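Worksheet: the structure to be examined is printed underneath.
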Amino acid sequence: MRTQLRRRAAAVLTALVAASGLAVASPGGTAQASTNGTADGAAHPATGLLVLYSEGFRVRCSGTLVTPTVVLSAAHCFDDAAGEVAVTFDSVIAEEPPLPIPPAADTAAGYTDAELAAAGLRSGTHVSHPQYSGFTDLNNWNDVAVVLLDEPVTDIAPAPLAPIGSLDTIVKSQLSSTVFRAVGYGSEVRKPLVGPQKATPMTYPLLRRTVDMPGQKLTPQVLQTNGTSNSDELGETCVGDSGGPVYFGGAIAAVTSYSNGSGEKCRSVQGFQRVDISVARTWLAWFGV
């Protein structure tokens, strides 16, 4: 299981850049299993797109502004990362190629502050939880990280974090009927316009989306949701959503961490790192969160 989770996490993270850009997100529509969500518009302006380099490849994740200088995300997004992190809070990044985020001059070293400033992008430094297990220990998962922005964000209100223990208030028998909302720049899964009609994560357009998901399991570290629902009102996260927020009661209770199952169509059990727990919040407090 650990190997499978690590491979799935790598798949979620490594949306590799071809000439056209990142593997990217979806258009709007009713939240359902076939489209993975709806266009977010201005509903969650604090959630942004993170772009960075890992082992010479450009990858993307999602993250949320939780103070004017701190973006909350997932630690696995920064495995083997190099250089600075590009951050944008635009709801729609690109309707079609090319990606409006230039590549780094040195892909091995990643982005520099000067490159991102020249491109009109925010920049920041990533820091992962010191007890992040690297997907080896579900009892000590700690897949949480922050991006420390070089300049404060003054035109977007930070999103609130759920009080410690919020998810523990859910009665076990009611978890499957409890709906959680994820936000991120994840890919849309649909059939292509031409060629083999196999549902596949689509590259464009790249935009922020929301998806509602039913609970499936809760552990001291992880919230799992059921991504195999046939309801037209429910869906699942996909490539690019990693690090994005999961809301419960109007506040962030977790961040997108992994998928465990038939991930090529993003229909599987979804895993989310809880941030309503002391091990996460004690660490986040060091950054003023």
Side-chain angles (χ1 to χ4, degrees), residues 1-16 23 50 52-57 59-64 71-83 85 110 125-147 161 164-165 167-168 175 180 182 184 186 213 215-228 236-246 252-264 266-287 289:
M1 178 179 179
R2 291 175 181 174
T3 300
Q4 182 183 38
L5 288 175
R6 182 178 288 276
R7 288 173 178 168
R8 286 293 303 123
V12 171
L13 172 63
T14 53
L16 304 183
L50 311 181
L52 61 142
Y53 277 85
S54 175
E55 297 185 322
F57 294 101
V59 301
R60 89 180 190 279
C61 276
S62 301
T64 304
V71 173
L72 176 68
S73 191
H76 78 264
C77 288
F78 308 106
D79 285 345
D80 302 310
V85 181
T125 303
H126 60 86
V127 184
S128 295
H129 196 291
Q131 293 174 286
Y132 166 50
S133 69
F135 290 88
T136 61
D137 185 356
L138 278 170
N139 293 321
N140 298 282
W141 205 242
N142 297 317
D143 186 17
V144 61
V146 293
V147 175
L161 295 186
I164 292 177
L167 295 181
D168 294 320
L175 183 60
F180 303 90
M213 315 165 296
Q216 189 257 5
K217 183 179 180 180
L218 186 66
T219 78
Q221 278 265 342
V222 171
L223 165 70
Q224 288 188 170
T225 63
N226 184 1
T228 60
E236 58 282 315
T237 55
C238 198
V239 174
D241 283 317
S242 284
V246 176
I252 301 172
V255 295
T256 299
S257 181
Y258 66 87
S259 294
N260 181 21
S262 55
E264 111 180 9
C266 296
R267 283 183 57 80
S268 57
V269 171
Q270 312 285 309
F272 305 92
Q273 171 64 55
R274 295 179 61 175
V275 294
D276 70 326
I277 54 178
S278 294
V279 67
R281 297 295 272 279
T282 299
W283 179 70
L284 288 172
W286 284 96
F287 306 99
V289 180

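Positions are given from 1 along the sequence. On a predicted model such as this, the values are computed, not experimentally measured, just so you know.
Side chain to side chain, Gln216 and Thr225 fail the donor-acceptor criterion of an N or O pair below 3.5 Å. A donor atom on one side chain and an acceptor atom on the other are found under 3.5 Å apart for Asp143 and Ser257.
The line from OG1 of Thr282 to CD of Gln131 is 9.5 Å long, rounded to the nearest 0.5 Å. Remark: Leu218 CG to Leu223 CG distance equals 6.0 Å, nearest 0.5 Å. Taking NE2 of His129 as the reference point, atom CG of Asn142 lies at 4.5 Å (rounded to 0.5 Å). Distance CZ/Phe180 to CG/Leu175: 5.5 Å, rounded to 0.5 Å. Atom CD in Gln270 sits 3.5 Å away from atom OG1 in Thr237 (nearest 0.5 Å).
At distances below 3.5 Å, not a single donor-acceptor pair connects side-chain atoms of Ser128 with backbone N or O atoms of His76. Formation of a donor-acceptor pair under 3.5 Å by the Ser73 side chain with backbone atoms of Ser62 is found in this model.
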### Query
Given the rule in the side-chain contact (heavy atoms from CB on, under 4.5 Å) test, do Leu50 and Val71 qualify, once you have shown the distances and angles that lead to the verdict?
CA-CA 10 Å; Leu50 311 181; Val71 173; 4.2 Å; yes

### Message
Let's go through Trp141 and Phe135 carefully: what are the C-alpha distance in whole Å and the side-chain angles of both, what is the deciding distance for ring pair (Phe, Tyr, Trp, His ring centres under 6.0 Å) to 0.1 Å, and is it a yes or a no?
### Response
CA-CA 6 Å; Trp141 205 242; Phe135 290 88; 4.8 Å; yes

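A search for side chain to side chain contact (heavy atoms under 4.5 Å, CB included) contacts involving Ala254 returns Val246, Phe272, not counting sequence neighbours. Under the side chain to side chain donor-acceptor pair (under 3.5 Å) criterion, Gln273 pairs with Gln221, sequence neighbours left out. With sequence neighbours left out, the side chain to side chain contact (heavy atoms under 4.5 Å, CB included) criterion links Ala253 to Ala162, Leu167, Phe248. Residues that satisfy the salt bridge (Lys or Arg N to Asp or Glu O under 4.0 Å) test with Asp80, not counting sequence neighbours, are absent from this structure. For Thr219, there are no side chain to side chain donor-acceptor pair (under 3.5 Å) partners, not counting sequence neighbours. Residues passing the side chain to side chain contact (heavy atoms under 4.5 Å, CB included) test with Ala81, sequence neighbours excluded: Leu52, Phe78, His126.
Using a 4.5 Å cut-off on side-chain heavy atoms (C-beta onward), Ile252 and Thr64 make contact.
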